[in-house]
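A short write-up of the structure that comes next.
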Amino acid sequence: MSTRTTPAPPATVKTVAGAAGPTGAPPPAAPGRPARRGRMFLLALAALLALAALAVVHVGQGTAAVDLHTLWRLLTGAAADRSADEQTAAVVLDSRLPRLAAGLLVGCALGAAGAALQSVSRNMLASPDTLAVNAGAYLAVVAVAAFGITLPALPAGGTAFLGGLLAAGVVLGLSRAGAGPIRLVLAGSALTLALSGLSGMLLLLRSQQTTGLFAWGNGSLAQIGMESIDRLTPVALLAFVGLLLMGRKLDILALGDDGAAVVGVSPRLTRSIVVVLAVLLAAVSVTVAGPVGFVGLCAPAVVRLLSTWIPGLVRHHAFIPASALAGVLVVLGADVALRALFGAQAGAEVPTGIVTTCLGALVLVILAHRSRDLGSDSGSTAFARLRSRRAFVLTLVATAVGLLGAVVAATLFGDATLLLGDVANWLGGRSGQFVTYVLDTRVPRVAAALLAGAALAVAGAVVQAVSRNPLAEPGILGVVSGAGGGAVTVLTVVPLASFWLISGSALAGAGAAAALVFGLAARRGLEQNRLVLIGMGVHAGAGAFVSLLIVLTDPYNATKALAWLGGSTYGRTFPELLPVLVALAAALPVLAVMRRDLDLIGLDGDTPRLLGIRLGTTRLTLLTIAVVLTAGAVAAVGVIGFVGLVAPHAARALVGRRHVRVVPVSALLGALLVVVSDTVGRTVIAPAQIPVGLLTAVIGAPYFIWLLWRSRREG
């Protein structure tokens with residue numbers, strides 16, 4: 001969590017420490033002190049007036065109309081003895097005011113937490129979402145509820161705090177402070193995927209105990225009474241005051257670790273205290289309203305934009321309160337917009353976090369699209385060294401033998417155990433009715449897992465080469481979420497849709513997401529960091545859209561959509577595997593021809609140009625191949641994570657960086673991972689089943705953490 005930078009002279013520390021920005025850059029030339037104070041006063045006044053207006057509108061919205069005159073009578077106590085006014089007062093006191101208080105508390109907590117996390121990580125993309133704090137806190141709450149344990153507000157907040165703190169410690173520990181936005185986003189997003197996989201597994205396996213947690217998991221301000229808010233507000237207030245007291249040290253820390261140490265500020269201790277306080281605020285927010293997405297990213301971004309007009313906002317004693325106020329405006333504005341767009345009843349059912357996630361995804365895309373310098377991550381081109389031909393042959397043979405053994409085991413084991421003789425009789429058409437039924441349903445599942453794993457692994461190898469980042473995977477392009485959004489749209493609108501209609505919608509969703517990402521990133525030649533950040537924004541937006549569909553259509557029976565989003569081979573037939581089979585058959589020969597281009601693009605940005613390779617066109621072609629492979633896999637088995645990350649990196653570690661070797665070994669390793677995960681998922685709790693995508697996320701998470709730790713040490 002610390003980094004070494006060039007020490008600043010003591011005089012510099014003294015003169016600019018108080019004005020250093022949250023990201024460590026000195027502010028622009030400031031106008032006179034009276035002008036700055038006047039602008040700050042006008043901004044604060046405008047923000048408070050906007051907050052008051054939003055609060056009035058917010059309280060007035062709902063299934064029962066409450067106008068301004070009625071609110072005034074309730075506040076003054078006029079005519080309070082009338083029955084109608086008593087009913088209105090009950091609605092306002094029991095529902096409207098708790099929802100407003102939840103919005104104030106959540107917005108303030110997430111805005112301040114996002115500002116603090118961006119400062120200690122020196123990264124404008126840090127937030128409780130990108131650091132997996134919300135995902136860790138949510139998993140802790142779901143795990144407690146899954147076992148039938150009901151906790152009061154303070155113990156529930158403590159549980160969420162421990163989960164969020166552990167997740168933040170992992171992400172910040174594995175991505176060095178100041179290492180650039182890409183590494184942090186990849187680390188946080190991958191850990192979020194793993195934690196979300198565990199949460200989804202618990203939601204599916206313990207559906208009765210976790211009823212309603214899916215909608216709450218997207219961030220809902222709906223409250224019954226003020227009990228939890230009353231108990232958690234003092235905790236949030238203490239954490240907020242603590243951050244304000246640390247503001248001066250954060251200003252000094254922005255100059256660099258060595259410069260801070262010169263004036264007696266301990267970088268490690270300061271970061272540790274600030275992270276704990278920020279996670280505590282995020283835990284309070286999750287306990288009250290669930291994980292409300294991207295408020296911690298949007299609010300500091302808005303304040304940072306305003307700091308060009310009011311330079312004093314970059315100092316943390318103003319930056320943190322301004323971010324908290326901006327967070328409140330974002331949350332209340334999103335809730336008001338939600339009920340204005342979807343109506344009062346839908347506004348009560350649809351989580352507010354879905355709207356804030358869509359807004360945050362848009363902010364992330366805009367920041368990536370307009371930013372001129374996103375930095376580079378050390379170690380991003382640290383692919384494996386060259387290996388001998390003998391090592392490649394031995395690896396290829398061993399992997400193929402392992403895959404063959406996994407396929408045999410997957411064919412024999414499940415809810416019914418068979419023998420090799422049964423399989424031989426089935427192949428010869430001599431098996432009995434029971435064996436025929438079992439193998440007719442089991443073998444297509446094994447084939448689906450094999451083909452989908454190979455396709456995702458090859459797509460991951462291509463994405464990692466094009467982005468020159470061994471921590472990348474197909475999900476960063478938004479293709480997986482786009483395909484999942486298209487499929488879930490059909491599943492919710494047409495419950496009895498055929499497989500081909502669902503597959504076609506998945507392909508269309510993947511194509512739309514890819515077109516959006518490529519179109520926005522093509523402005524500057526599909527530059528790798530910009531491509532990754534835009535893809536992550538599209539990924540978050542598509543995920544919020546899927547959650548909105550599930551909650552609006554059937555919030556209490558989301559199992560079918562969750563099973564698709566978790567990845568499942570259940571009920572597959574051989575004709576349904578044609579999309580992924582065709583994608584592999586078309587992509588592999590093209591990649592064999594372009595193997596030299598893949599090798600050169602994976603090195604740097606200058607060498608391919610010097611050798612006559614048209615970088616933009618080649619990148620677009622290769623990414624299109626990755627999109628087709630990913631969409632085919634999603635159409636066959638649903639959303640499966642981590643395969644495109646783990647398999648290619650393991651292949652490079654085994655056979656080197658030449659893609660004529662990496663691609664076939666990646667395909668075998670990806671197929672092996674998915675086949676094993678599918679076998680475990682349908683045997684460990686048979687006859688119940690665990691979606692294969694959730695298992696691959698759980699299996700891939702430890703490897704990814706080890707990978708990040710190793711690359712951090714190398715960097």
Side-chain angles (χ1 to χ4, degrees), residues 102 105-106 109-110 113-114 117 127-151 153-171 187-207 209-223 228 232 236 278-297 331 350-357 360 539-540 543-544 546-548 550-551 555 558 562 565-566 641 694 697-698 701:
L105 179 59
V106 169
L110 291 179
L117 291 174
S127 72
D129 304 276
T130 54
L131 267 64
V133 174
N134 283 349
Y138 178 58
L139 174 60
V141 174
V142 170
V144 170
F147 293 97
I149 302 174
T150 302
L151 295 177
L154 286 178
T159 303
F161 170 72
L162 292 177
L165 184 62
L166 181 61
V170 170
V171 175
S189 299
L191 186 59
T192 297
L193 180 61
L195 298 177
S196 300
L198 290 172
S199 301
M201 187 184 303
L202 292 174
L203 290 175
L204 286 173
L205 297 179
R206 311 284 291 183
S207 57
Q209 292 84 353
T210 58
T211 299
L213 282 182
F214 177 79
W216 180 83
N218 289 280
S220 175
L221 296 182
Q223 304 287 319
S228 62
L232 291 173
V279 172
L280 186 59
L281 286 171
V284 168
S285 172
V286 171
T287 306
V288 170
V292 180
F294 282 98
V295 176
L297 175 67
V331 172
V350 177
T352 307
I354 292 178
V355 181
T356 61
T357 299
H539 170 80
V546 169
S547 299
L548 178 64
I550 294 175
V551 173
L562 283 174
L565 293 174
L694 301 183
V698 174

Taking every heavy atom of A160 against every heavy atom of V141, the minimum-distance pair comes out as CB-CG2, 4.0 Å
Show the nearest heavy-atom pair for residues A289 and L221, with the distance to one decimal.
CB-CD2, 4.0 Å
Distance col, row F294:CZ vs N134:CG, nearest 0.5 angstrom, shows 10.0 Å
Which heavy atom of L195 sits nearest to which heavy atom of A167, and what is that distance?
CD1-CB, 4.1 Å
Between atom CG of L280 and atom OG of S285, what is the distance when rounded to the nearest 0.5 Å?
11.5 Å
Closest non-hydrogen atom pair, A278 against A113
O-CB, 3.5 Å
Is the shortest heavy-atom distance from the side chain of V288 to the side chain of L232 under 4.5 Å?
yes
Which residue in the set V170, V133, V279 passes side chain to side chain contact (heavy atoms under 4.5 Å, CB included) when paired with L165?
V279
My understanding is that only one of L281, V292, L117 makes a side chain to side chain contact (heavy atoms under 4.5 Å, CB included) with P128; could you say which?
L117
Looking only at heavy atoms, the pair that brings G157 and T287 closest together is CA-OG1, 3.1 Å
Which atoms form the tightest heavy-atom contact between A236 and V284, and what is the distance?
CB-CG1, 4.1 Å
Roughly how far, to the nearest 0.5 Å, is the CG atom of L110 from the CG atom of L105?
9.0 Å
